[in-house]
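Before any comments, here is the structure.
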Amino acid sequence: MKKVTLLIPVYNEENTLPELYKRLQELTNCYNNYEWEILFINDGSNDSTLESIRKLRKADKNVNYVNLSRNFGKEIAMLAGFDYTTGDCCVIMDADLQDPPELIGKMLQYWEEGYDDIYAKRLNRGKESWLRRQFSLIFYHILQKISNIDILPNVGDFRLLDRRCVLTMRHLREQERYTKGLFCWIGYRKKGIEFNRGDRITGHSSWNFFKLLNLAIEGITSSTTSPLRIATICGIIFSTISFLYAFYFIIKTLIYGDQTAGFPTLIVAILFLGGIQLFSLGIIGEYIGRIFKETKGRPTYIASDYNETKLGYD
Ligand code: UDP
Ligand code: MG
């Protein structure tokens, strides 16, 4: 019998867990021609999420969990999930039931047809602020334009991955992760299915504007180095312009004599170029920062328990 792992990162989800587990039970009972594993990644929750998971595990041996030593963020929690999945395929889903479990049946169908990566494409985005929606649309647009790989808009992390994708993902261990870009990068046979995204059943999204801005910068700097190229091109353009301007100025002085004027122009030019320089430095800094983080060679995450086993590094 083939085994399907449901990989669920959880962070402070004590209120959603009972409902989630109920819905998953319905699903697993419905597809009893598969063996199921429910793998929770507890991402350093500071409420009773871990206790709830332990209780579930006591009653149901198909529930496994990895407990991370602190909050590492969802992207890294997913990597931990890839390391501990035991199934022939793995479905990544959110704990808040924004990703309807009912869609998994359809994903399994495509998996049986031989697809490796079946992703769910949102037709709507659930309840969220206007600003956030605009922000994410602009972000995808920019990312698409400047990176060489296709990043699909409106596709989240809700997807089914064949074991071979999971094994590949285990090798991508960068600290600063933008998993959506990684899924596109690894390739394999992909298939999209569409669905309507619901709203969170309880609580509220743990994302805020700055977290999303960070994720956006991460998305760009982890999948492409074109911003560096943009900085270079800006540099070339502006030095050409200043060279032409200097040339023009010399000629003008030779013909009409020296006139001390154009102070505002000077200030504007200095400020503008100063701005461009700081911006370029910032871009370079982003990449150097990543190099710094990676050269330390630390493990991407620290797991403190896998089921009843205590983990540590020896
Ligand atoms: N999550 C996590 N670590 C975090 C934040 C979130 O593991 O630091 C989990 C969370 O429990 C949920 C999923 O990631 O299962 C998506 O989180 P959320 O609903 O807050 O994000 P959104 O749906 O707004 O993208
Ligand atoms: Mg959510």
Side-chain angles (χ1 to χ4, degrees), residues 5-21 23-24 38-53 56 63-85 90-101 103-104 119-137 139-140 152-159 175-181 183 195-216 218-219 300-305:
T5 299
L6 298 170
L7 193 167
I8 310 171
V10 285
Y11 175 59
N12 292 349
E13 302 278 5
E14 57 179 1
N15 295 321
T16 48
L17 273 185
E19 171 73 15
L20 172 72
Y21 184 69
R23 291 276 287 277
L24 293 182
I38 302 179
L39 178 65
F40 289 109
I41 319 297
N42 178 37
D43 186 16
S45 304
N46 38 34
D47 61 2
S48 67
T49 301
L50 183 61
E51 284 71 49
S52 314
I53 296 174
L56 290 178
V63 173
N64 289 325
Y65 67 90
V66 183
N67 183 31
L68 302 186
S69 63
R70 64 170 170 87
N71 180 256
F72 282 90
K74 184 186 171 190
E75 305 286 323
I76 290 180
M78 282 193 280
L79 174 68
F82 295 140
D83 288 342
Y84 287 90
T85 47
C90 138
V91 179
I92 305 164
M93 60 184 299
D94 283 2
D96 56 12
L97 287 170
Q98 275 185 301
D99 305 329
L103 214 64
I104 293 172
Y119 56 86
K121 194 172 158 67
R122 307 187 276 256
L123 288 173
N124 68 338
R125 305 176 50 92
K127 214 184 284 161
E128 64 182 0
S129 73
W130 179 86
L131 191 69
R132 178 170 167 176
R133 179 155 44 235
Q134 296 306 319
F135 182 71
S136 99
L137 286 179
F139 164 65
Y140 278 122
L152 303 154
N154 283 332
V155 173
D157 299 314
F158 184 30
R159 59 176 72 220
Q175 302 265 348
E176 309 265 308
R177 304 176 69 76
Y178 181 68
T179 315
K180 254 178 272 187
F183 291 137
F195 78 111
N196 282 311
R197 187 161 163 96
D199 296 326
R200 256 183 166 277
I201 50 165
T202 63
H204 47 81
S205 170
S206 46
W207 292 95
N208 58 37
F209 184 78
F210 286 102
K211 272 194 180 176
L212 284 172
L213 183 67
N214 275 332
L215 187 69
E218 209 114 306
T300 313
Y301 64 86
I302 308 217
S304 70
D305 309 81

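Residues: numbered from 1 along the sequence shown. Every number for a ligand or one of its atoms is a count from 1 in the order of the listing.
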Matching residue for T49 among D43, N42, N15 - test: side chain to side chain contact (heavy atoms under 4.5 Å, CB included): N42
Quick check: does D96 have an N/O/S atom under 2.8 Å of the Mg ion (ligand 2)? yes
Shortest heavy-atom approach to atom 3 (N) of ligand 1 - which of D43, L17, V10: D43
Is the shortest heavy-atom distance from the side chain of N64 to the side chain of Y84 under 4.5 Å? no
Of the options L20, D94, I41, which is the one that meets I8 in a side chain to side chain contact (heavy atoms under 4.5 Å, CB included)? L20
Which atoms from ligand 1 have a heavy atom of P9 less than 4.0 Å away? 7 (O), 9 (C), 10 (C), 11 (O), 12 (C), 15 (O)
Side chains of I38 and Y21: does their closest heavy-atom pair fall under 4.5 Å? yes
A student checking ligand 1 against Q98 at a 4.0 Å heavy-atom cut-off should list atoms 19 (O), 23 (O)
Determine, stepwise, if the pair F40 / L17 fulfils side chain to side chain contact (heavy atoms under 4.5 Å, CB included). CA-CA 10 Å; F40 289 109; L17 273 185; 3.7 Å; yes
Quick one: which ligand 1 atoms are inside 4.0 Å of a heavy atom on E13? 10 (C), 11 (O), 12 (C), 15 (O)
Could you say whether the N/O atoms of A95 and ligand 1 ever approach to under 3.5 Å? yes
Under 4.0 Å from a heavy atom of D96: which atoms of ligand 1 are those, numbered in the order shown and with their elements? 19 (O), 23 (O)
Go through ligand 1 atom by atom and flag the ones less than 4.0 Å from a non-hydrogen atom of G73. 3 (N), 8 (O)
Checking E14 against S48: is there a side-chain donor and acceptor pair closer than 3.5 Å? yes
Ligand 1 contact on I8 by region, counting heavy-atom pairs under 4.0 Å: neither
Side chains of L50 and Y65: closer than 4.5 Å at any heavy-atom pair? yes
